[in-house]
Amino acid sequence: MRKLLPFIGNSHGGGRSALTCRYRCGNACFHEVPNTSDNEYVGDVIAGAWSRRSMLRTAAVVTVATAAGAAVTVAGGSSSATAAEAAEAKNAGADGARGLRFKPVVPNTDDKVTVPEGYEQNVVIRWGDPIVKGAPGFNPDKQTAAAQAGQFGYNNDFLALLPLGGPYERQQLLVANHEYTDENLMFKGYDPANPTREQVEIAWAAHGLGVVVVQEDHRSGKLTAVNRHQLNRRLTATSEFKLSGPVAGSALVKTSADPSGTRVLGTLNNCSGGTTPWGTTLHGEENFNQYFANAGKVTDPTQAARLKRYGVTSGESERKWERFDKRFDCVQEPNEVHRFGYVVELDPYDPHSTPRKRTALGRFKHEGAQPRLTEDGRPVVYMGDDERFDYFYKFVSSKRMMKGDSRAAKEHNLTLLDEGTLYVAKLTGDSPAAEIDGSGKLPSDGQFDGSGAWIKLATASPAGNVSHIEGMTAEEVFVFTRLAADKAGATKMDRPEDIEPSPRTGRVYVVLTNNADRGKPGKEGATEANPRNLNKHGQILELAENFDDPSGDGFAWRLFLVAGDPKDPATYFAGFPKDQVSPISCPDNVTFDPHGNLWISTDGNQLGSHDGMFGVATSGERRGELKQFLTVPRGAETCGPLVQDKRVVVAVQHPGEIDGASVEKPQSVWPDGPGRIVRPAVVSVWRKDGRNIGV
């Protein structure tokens, strides 16, 4: 039977430097908010058909698992969530929930990766390390585009570790996003107004994706990159990608270089991502808009409005790429920009495969994409659009995953994300509007919570694509997804970033990083899901759907965590005592550990300390207990968190990216010490005694 999951018991984009804002997202927070639609506020639709109470009244047709009670079925097997939580609560000692038994790191501003007492670390791989056969060693004074194309890329973000097995039992496949480049920290004497062709081509080669085999140390959690392994691979801004799904071949994506509308060169600004049950990885193209120029010179009013909704640069781009390739000029190639902003699917086990841009998952500033399976094997993918006042989405495939490693199964599973229905979320609060005053004060029922509906946008099908939005074709919905969601009346959120379903419970955690514009004159004010005006610290929303079949159109939600200084009354940690948690600001990427705890990396800490990584219990008596596990160096952001039994892996992105920094005037000496160029890198952390993390 289906069961509804119960709920149990700065001015520069946060604390970011102006340099980070400039190169990472094209100063998005300083531009006009792209979403100018007049959607309903959450508090104005309390009487909606999908109220939380209405959902619970459907018990005649849906068996509801109560907080006290019954077992829930997990895709691929079954377990008693209540029993597991009870066991964890019983075993939890004075040092924390199982998996979180470490002494929290004290917030700091040290120029290093700081880890808990009793833990060690190593740098797994750095920007410029050679990974492909024939690639030279890194020399920042003699760097070339050809060299960079065979070396680990810049600004690693999303990370995945995939098993190799067999004779490679102690090796794993590390997959990394290379989100963006900061040319000020890459090239001596860089002139932002006049980049050279060589500098631009190096930057193209430093973007994209990387696949690297890593070797495990059998005594610890240490990882070491295996350079020039046959499975190692780099994909860059000039590699070939395939457009697949409902937009492939559409007139909206045809260009002079690709009249077929199916072949794209490159992937840009890959932020977070996901791993699939069929062995591939997903990569979200996020701030792609900043790479394209001259939107302000477009004369067609429809095209101009579409470009404005996506925040495409009106004049010259920051990096000036349009000077060296006309495809980055919206006037010369008006459709090229429509070929970016998708989720990319990669088969990392096949170094000769062509990655695919999955257009059925919509086009927006994808932070990431993480699937789970329905009981009958259909993927459901959750996604956020990382923009102030934008939305979060899900895609439900119409096809079932085929099990096994046969060629037929592999080929079938590589079509799963091309057919199905794309939805956007609309949330309803269950508290009186007067109780949501923008201060973050809890309403009288003691929680920020309510219900929601998934609104259909479009369906992709071999029999014919169908639009569910009046006045837009299906192809237009999939290419201009933001405009379709505006028409659907979706709920404006505070920068939806990473979204992850729990492998244990199926509850979905939606990370909302911040939104300092909420409540400003002319901007939407506080809502129950976004309860603080001038929100600089962010929050995490917990969403519950039918466990066995998350493909439905209704859900319940509540805020799991409202970030900030625990001493601030406008913070909330799932009801856990706030004098026993670490301060946290600007949650960004998340992952789960083997015990069901949620691990959070931050971006833009507004509390005066460096960004870091945190673990928080999601169930049991210690639900809401949040502890800081590490901090990163000066100017850096914490990305791509992974937690395995023996190790925590983190991507340290843009170290030293502080206003005024350059190659000649570095603001960090990490990771190689004074006199060496600052380099983004991947770090592995493990326990000195060889035991599992946090137990």
Side-chain angles (χ1 to χ4, degrees), residues 28 32-42 44-45 48 50 245-247 252 284-289 302 305-312 337-338 340-343 358-369 380-396 420-428 452-460 465-497 499 508 510-512 515 517-518 523-524 527 529-530 541 543 553-555 557:
E32 179 184 349
V33 173
N35 190 353
T36 58
S37 62
D38 189 22
N39 296 348
E40 293 175 300
Y41 290 8
V42 176
D44 294 338
V45 288
W50 266 103
V247 174
L252 294 170
E285 295 183 315
E286 193 185 21
N287 294 297
F288 66 94
N289 54 298
T302 300
R306 290 167 171 171
L307 292 169
K308 185 176 182 180
R309 181 63 180 89
Y310 278 84
V312 179
V337 67
H338 302 160
F340 293 84
Y342 297 104
V343 171
R358 300 297 187 187
T359 64
L361 276 60
R363 175 174 165 268
F364 43 88
K365 288 169 64 171
H366 282 278
E367 171 74 14
V380 178
V381 185
Y382 298 91
M383 303 166 288
D385 185 350
D386 183 8
E387 185 73 73
R388 296 159 294 162
F389 300 109
D390 257 294
Y391 315 123
F392 66 92
Y393 301 79
K394 81 171 179 181
F395 171 82
V396 180
T421 299
L422 181 65
Y423 299 79
V424 69
K426 184 170 185 174
L427 281 70
T428 301
W454 291 111
I455 304 172
K456 288 183 179 181
L457 297 179
T459 299
N465 303 319
V466 177
S467 170
H468 304 292
I469 300 299
E470 185 176 355
M472 297 182 72
T473 67
E475 289 74 19
E476 288 173 334
V477 171
F478 288 117
V479 175
F480 309 114
T481 310
R482 281 184 169 181
L483 284 86
D486 293 344
K487 286 176 172 283
T491 297
K492 298 178 179 180
M493 306 297 290
D494 287 350
R495 285 187 57 206
E497 296 222 32
I499 303 179
V508 180
V510 182
V511 180
L512 304 162
N515 183 359
D517 277 3
R518 186 167 289 278
K523 304 294 194 300
E524 182 179 271
T527 66
N530 306 276
L541 181 146
L543 181 154
D553 58 2
F555 57 89
W557 66 268

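Because the structure is a prediction, the values reported are computed rather than measured. Both backbone and side-chain heavy atoms feed into the values below; hydrogens, waters and symmetry mates do not.
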Expected output: side-chain Glu475 to main-chain Val247 donor-acceptor under 3.5 Å: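 No; judged by distance alone, with no hydrogens or angles, the pair does not exist.
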
Side-chain (Lys492) to main-chain (Ser37) donor-acceptor, under 3.5 angstrom: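 The answer is yes, because a donor-acceptor pair under 3.5 Å joins these two groups.
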
Ring centre gap for Trp454 and Phe395 strictly below 6.0 Å: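 No - the distance between ring centres of Trp454 and Phe395 does not fall below the 6.0 Å cut-off.
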
Ring centres under 6.0 angstrom apart (His366, Phe288):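 Not under 6.0 Å, so no.
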
List the atom of [X], the atom of [Y], and the distance in Å for their closest heavy-atom pair.
{"X": "Ala488", "Y": "Val424", "answer": "CB-CG1, 4.2 Å"}
{"X": "Leu541", "Y": "Met493", "answer": "CD1-CE, 4.2 Å"}
{"X": "Ala484", "Y": "Leu457", "answer": "O-CD2, 3.9 Å"}
{"X": "Phe478", "Y": "Thr359", "answer": "CD2-O, 3.5 Å"}
{"X": "Lys365", "Y": "Glu286", "answer": "CG-O, 3.3 Å"}
{"X": "Ala474", "Y": "Asn465", "answer": "CB-CB, 3.5 Å"}

Inter-residue atom distance [X].[atom1] - [Y].[atom2], 0.5 Å rounding:
{"X": "Ile499", "Y": "Leu512", "atom1": "CD1", "atom2": "CG", "result": "8.0 Å"}
{"X": "Tyr393", "Y": "Met383", "atom1": "OH", "atom2": "CE", "result": "8.5 Å"}
{"X": "Ile469", "Y": "Lys487", "atom1": "CD1", "atom2": "NZ", "result": "8.0 Å"}
{"X": "Thr459", "Y": "His468", "atom1": "OG1", "atom2": "NE2", "result": "3.0 Å"}
{"X": "Tyr391", "Y": "Phe364", "atom1": "OH", "atom2": "CZ", "result": "12.0 Å"}
{"X": "Asn289", "Y": "Phe340", "atom1": "CG", "atom2": "CZ", "result": "12.5 Å"}

Side-chain heavy atoms of [X] within contact of [Y], under 4.5 Å:
{"X": "Leu252", "Y": "Phe480", "result": "yes"}
{"X": "Arg306", "Y": "Thr302", "result": "yes"}
{"X": "Phe389", "Y": "Thr36", "result": "no"}
{"X": "Val380", "Y": "Tyr423", "result": "no"}
{"X": "Glu387", "Y": "Asn35", "result": "no"}
{"X": "Asn530", "Y": "Asn515", "result": "no"}

Residues which pass side-chain hydrogen bond (donor to acceptor under 3.5 Å, both in side chains) with Arg309, listed by chain and number, not counting sequence neighbours: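 Partners of Arg309 under the side-chain hydrogen bond (donor to acceptor under 3.5 Å, both in side chains) test: Asp390, Asp486.
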
Residues which pass side-chain hydrogen bond (donor to acceptor under 3.5 Å, both in side chains) with Arg518, listed by chain and number, not counting sequence neighbours: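 With neighbours one apart ignored, the set is Asp494, Glu524.
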
Ring-face cation contact, Tyr310 with Arg363, 6.0 Å cut, 45° max: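 Positive - Arg363 is close enough to the ring of Tyr310 and near enough to its axis.
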
Lys/Arg-Asp/Glu bridge criterion (N-O < 4.0 Å) met for Arg495, Asp386: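 So Arg495 pairs with Asp386 through a salt bridge.
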
